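Data first, discussion second: the structure below is written as structure tokens.
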Amino acid sequence: MLDRKFVRENMAEVEQMLANRKTKLDLAELGRLDEQRRELQHKVESLRHEQKQASEKIAQVKKEGGDVKAVIQSVGVISERIKAMEPELKQIDEQYDALLMVVPNMPGPETPVGQSEADNVELRKWGEPRAFDFEVKDHVDVGEGLDILDMPRAAKLSGARFTLLKGDGARLSRALVNFMLETHAKNGYREIAPPFLVNSPTMTGTGQLPKFAEDLFKVDGKDKDLWLIPTAEVPVTNIFRDEILDEGDLPKAMCAFTPCFRSEAGAYGKDTRGMIRVHQFDKVELVWITKPDESEAAHERLTRDAEGILQALNLPYRVMDLCTADIGFSARRCYDLEVWLPSQQAYREISSCSNCWDFQARRAGIRYKSKGQKGTNFAHTLNGSGLAVGRTFLAILENYQNADGTVTIPEALRPYMGGQETIEPPKAEPTVI
RNA sequence: GGAGAGAUGGCAGAGUGGUUGAAUGCGGCGGUCUCGAAAACCGUUGUACGUUUAUAGCGUACCGGGGGUUCGAAUCCCCCUCUCUCCGCCA
């Protein structure tokens, strides 16, 4: 959420931002409502002031044993007027808030202005894509060949866009999670195990609601409605919702492993094969809460920490600086990490590292207080995948596949796989007796 | 699921419907004292919105959340949420 005052005083800038983001919105209406709201609020408040003073007088006169009938009657008129105005004020207030809540964040001056994802800027590239001397298979063929990935049965269980990992596949996925969490812990991140179902205020705090409800899965309970998290960013960032932190408590660096649930509405026909785009995937997320003057450094740090995982796994990738047309709703600046996929001969997103500035903090009421300073400040929030486990898994199957159909396990993961070095087709099932 | 208790400022804890943004204690901050510290003593101590050049003043709101009664609600009524205790169920 943008600051009301900022919007009021910088309409042209906000207008330009919306154009850069290719977002259409009725800003004039927002301005009108804001003006109406202030005008009406002023009227109501001065009436309340009158009423308050008269009420105090009643108390005083009554105490002295005087007759208060006439005064009460005259105050009653004021009260009636206030009551008549209140619903309108409330309505305007709600309308204004509803509009402000769907205004995206202002990209920073460093964020490239662009027309589409084609205008994203490559910042750096790491690793050399491997030269294969055989025909590469995609992760589905590799995984199903080893019987560690079973898309048809996933579809039987749940439908399209679900995965079923088996044997060493499930194990490799678990090893990835452990490897990532252990690495981040070493780098100073505090591990969080949050709820996977959250309420609406939580979804609103990070910006998923109200605008992107159709991207989410909702759980209709008997007496409570909850949403499945699309990323751990949601519960972890909201840990400090409506709290005033001490300056000394910042920055906070947290990591969390969770499954993520996304409806992928509007992605029909996109990445339909395999586990690239699915309704449920695992992810290890990095979240920072910082003071304003720390967030840019934290953004670089967070991105490097995510890159560290790819480097440790020796997966080639590049870092993209997302342009205004491609950057997320809550982000001021965003770096995407894209991993090399041999089957597609392309780099594909595996992490998205965003500096949300004070945008989420304002929505969620995440503030901090400095010593000797009056008032509070909004913190800055950042998040990034470190990494998407499903996509890391498939990147390993593709980049580490061998001509005989087996997959070499990256060295960094071997300690988490009992020293195992390759994934081979399963041996015979154990006998019962 | 059944029965009961509760939710007040950073914490603890008062609060007969009328100068209550809210006693008191602790904590925090500033000061006196001290070579320094502790103790003691004195002072101070929330958030948001509006107005304003102003983190000054002034105004309004906020005692879990939302409605209602009233000239006036932390205090009375209704609904919701959460916490705690006991019973039942359960990984």
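Since the structure is predicted, the reported quantities are computational estimates derived from the model, not experimental observations. First the proteins, then the strands, lettered A, B, ... as listed; each starts at 1.
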Between B:rA3 and B:rG59, how many Å separate the two P atoms, rounded to a whole number?
50 Å

Reading nucleotides 56-65 of chain B 5' to 3', which nucleotides get B (base under 4.0 Å from a protein heavy atom), which S (sugar-phosphate only), which -?
---BBS----

Could you spell out the base pairing of RNA chain B as a dot-bracket line? Use Watson-Crick and G-U wobble contacts where both distances are under 3.5 Å, [ ] for crossing pairs, | for partners on a different strand.
((((((((.[[[..)..(.....]]]((((((.......))))))((((((.....)))))).[[[[[..)....]]]]])))))))....

Base, sugar-phosphate, or nothing: which does A:S74 touch, judged by heavy atoms less than 4.0 Å apart?
nothing

Have a look at A:K369 and say if it touches a base, only the backbone sugar-phosphate, or nothing, with a 4.0 Å heavy-atom cut-off.
sugar-phosphate

When we call it a touch if two heavy atoms are under 4.0 Å apart, what does A:K90 touch: a base, just sugar-phosphate, or nothing?
sugar-phosphate

Is it the case that A:D93 and A:Q41 place a side-chain donor and acceptor less than 3.5 Å from each other?
no

Could you check how far CD of A:E86 sits from C1' of B:rG68, rounded to whole Å?
13 Å

Worked verdict on A:E264 versus A:R277 for salt bridge (charged side-chain N to carboxylate O under 4.0 Å, His left out):
CA-CA 8 Å; A:E264 296 298 342; A:R277 191 177 297 278; 3.3 Å; yes

Rounding to a whole Å, what distance do you find between A:I366:CD1 and B:rU47:C1'?
17 Å

B:rG46 to B:rG21 separation - C1' atoms, rounded to the nearest Å:
9 Å

Sticking with atom C1', work out how far B:rG27 lies from B:rC11, rounded to a whole angstrom.
7 Å

Between A:Y189 and A:W288, does the ring centre distance come in under 6.0 Å?
yes

Should A:D34 and A:R37 count as an ion pair when the cut-off is N to O under 4.0 Å?
yes

Please check if the side chain of A:H380 supplies one atom and the backbone of A:I289 the other of a donor-acceptor pair under 3.5 Å.
no

For the P atoms, the ones on B:rA14 and on B:rU8, what distance do you get once it is rounded to whole angstrom?
11 Å

Can you list, by residue number, the residues of residues 1-13 of chain A that have a non-hydrogen atom closer than 4.0 angstrom to RNA chain B?
A:K5, A:R8

Please state the C1' separation for the pair B:rU75 and B:rU69 - nearest whole angstrom.
14 Å

Nearest-Å distance once atom P is located in both B:rA40 and B:rC63
35 Å

Does the side chain of A:D242 come within less than 4.5 Å of A:R367's, by heavy atoms?
no

Whether A:Q420 side chain and A:T422 backbone form a donor-acceptor pair below 3.5 Å:
yes

Does a nitrogen or oxygen in the side chain of A:T376 sit under 4.0 Å from OP1 or OP2 of B:rU47?
no

